[in-house]
Amino acid sequence: MAVKLETGPLIEVLRNTSRVAVSTGSGISAESGIPTFRGKEGLWKKFRPEELATPTAFSKNPKLVWEWYDWRRGIIAQKKPNPGHKVLTEWEKNFPQFSLITQNIDGLHQKAGSKNILELHGNIWKLRCINEDIITENYDAPLKEIPPLCQDCGALLRPHVVWFGESLSSTILQKAFLLSSQCEVMFVIGTSAVVQPAASLPLAAAQAGAKIVEINPDPTPLTSYSDFSFRGKAGEILPLIDGELKIISRS
Ligand code: NAD
């Protein structure tokens with residue numbers, strides 16, 4: 001069914017905007033076939049992500065945690081960016097100041113062609129030595145050994161992602177808040193807006209005077225703070241907004 005949206009007022013705002021920030025969550029990759037955590041496909045065997053993506057789970061059973069990550073890497077490796085990701089690569093080129101902040105760890109924004117991405121929660125294709133903190137990229141899917149070991153010192157490697165109960169890099173977080181407070185419009189796409197501190201970025205943007213645009217099939221705690229709420233899929237709504245923008249910029 002074709003989506004019909006009232007985009008006019010937003011387009012009017014975007015016409016006069018040069019500083020745009022976008023914050024994405026797992027929903028933007030859902031149409032690429034990557035399960036979100038809070039959907040039922042997020043389950044692996046009988047485990048919930050909250051039971052596996054933790055430092056305690058890793059220290060108790062690194063093999064089990066790596067088997068789960070290996071399963072996820074196998075799914076992600078086969079997936080392609082969708083039209084939602086693609087639109088953001090265009091916006092990076094077209095808005096004078098554009099920043100992309102993501103909670104996703106799947107690397108699909110990079111695969112789509114986005115260049116400047118602030119990854120709040122790390123990247124599933126990066127591994128970090130628990131002894132030396134050295135980060136390496138590894139695209140093997142499946143991994144050659146589980147759990148993988150550091151070639152340098154033989155210690156365990158862990159996924160270079162932020163687990164439940166861990167803090168985000170303060171440098172990345174500071175940058176994310178700075179970008180949020182400097183934008184004129186912030187799009188919040190495909191996030192349930194419950195995972196902190198990512199969920200506070202749009203609030204910081206709103207406090208600094210930015211308009212908030214939410215794109216999500218379901219309402220979230222952010223909905224009541226949003227100036228524009230589009231109920232639907234990112235892969236449909238973003239191309240619609242982009243299409244309207246292109247028409248305006250030609251006229
Ligand atoms: P979440 O699972 O909590 O919420 C996903 C949100 O996306 C929901 O609000 C849902 O309504 C919405 N959504 C579903 N389909 C959509 C679509 N087609 N278009 C737009 N929105 C859609 O995800 P979260 O808020 O990102 O938080 C979960 C945490 O899990 C994050 O920290 C993230 O790092 C991690 N995670 C990442 C991935 C990934 O990298 N793709 C996948 C799962 C979880």
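Indexing begins at 1, ligand by ligand and atom by atom, following the structure's order. Numbering starts at 1 and runs along the sequence shown.
Looking at Leu238, Asn216, Leu120 and measuring to atom 9 (O) of ligand 1, the nearest heavy atom belongs to Asn216. Atom 31 (C) of ligand 1 has its nearest heavy-atom neighbour, among Gln103, His109, Arg72, Glu236, in Gln103.
Contact annotation: Pro217 has at least one heavy atom less than 4.0 Å from an atom of ligand 1. Under a 4.0 angstrom heavy-atom cut-off, Ile189 registers as lying outside contact with ligand 1. Under a 4.0 Å heavy-atom criterion, Ala53 is not in contact with ligand 1. At least one heavy atom of Ile105 sits closer than 4.0 Å to an atom of ligand 1.
For ligand 1 and Ser192, the ligand atoms under 4.0 Å from any heavy atom of the residue are 1 (P), 3 (O), 4 (O), 6 (C), 9 (O), 25 (O). The atoms of ligand 1 that sit less than 4.0 Å from any heavy atom of Gly25 are 26 (O). Against a heavy-atom cut-off of under 4.0 Å, Val195 is close to the following atoms of ligand 1: 27 (O). Residue Glu31 has at least one heavy-atom neighbour below 4.0 Å for each of these atoms of ligand 1: 17 (C), 18 (N), 19 (N). Listed by number with element, the atoms of ligand 1 under 4.0 angstrom from any heavy atom of Pro35 are 42 (C), 43 (C).
Within the 3.5 Å criterion, the main-chain N or O of Pro159 finds no donor-acceptor partner in the side chain of Arg128. Using a distance-only test at 3.5 Å, with no hydrogens or angles considered, no donor-acceptor pair links the side chain of Asp242 to the main chain of Val87. Panel note: side chain Gln110, backbone Lys115; no donor-acceptor pair is recorded below 3.5 Å.
Any N or O atom pair closer than 3.5 Å counts here, and Ala234 shares at least one such pair with ligand 1.
No more than 12 heavy atoms of other residues, nucleotides or ligands shown are found within 6.0 angstrom of NZ on Lys175. Atom OH of Tyr225 is surrounded by 12 or fewer heavy atoms from other residues, nucleotides or ligands within 6.0 Å.
At a heavy-atom cutoff of 4.0 Å, ligand 1 is contacted by the side chain of Ala30 but not by its backbone. Within the 4.0 Å heavy-atom criterion, neither part of Ala198 lies near ligand 1. Within the 4.0 Å heavy-atom criterion, the part of Ile34 lying near ligand 1 is the side chain and not the backbone. Looking at His121 against ligand 1, only its side chain comes within 4.0 Å, counting heavy atoms.
Between Trp125 and Tyr139, the ring-plane angle classifies as parallel under the 30° and 60° cut-offs.
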Show every donor-acceptor pair shorter than 3.5 Å between a side-chain atom in residues 22-31 and any protein atom, with sequence neighbours excluded, or say none if there are none.
| residue | atom | partner | partner atom | Å |
| --- | --- | --- | --- | --- |
| Thr24 | OG1 | Thr102 | OG1 | 2.7 |
| Thr24 | OG1 | His109 | NE2 | 2.9 |
| Ser29 | OG | His85 | NE2 | 3.3 |
| Ser29 | OG | Asp106 | OD2 | 2.6 |
| Glu31 | OE1 | Gly235 | N | 3.3 |
| Glu31 | OE2 | Ala234 | N | 3.3 |
| Glu31 | OE2 | Gly235 | N | 2.9 |

Problem - Residue pair Glu166, Arg158: steps toward the salt bridge (charged side-chain N to carboxylate O under 4.0 Å, His left out) verdict - result: CA-CA 13 Å; Glu166 291 186 319; Arg158 60 163 281 176; 2.8 Å; yes
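A ring-centre distance under 6.0 Å is found for Trp163 and Phe58.
Residue pairs meeting the side chain to side chain donor-acceptor pair (under 3.5 Å) criterion with at least one partner in residues 189-212, sequence neighbours excluded, are Gln103-Thr191, Gln196-Ser200.
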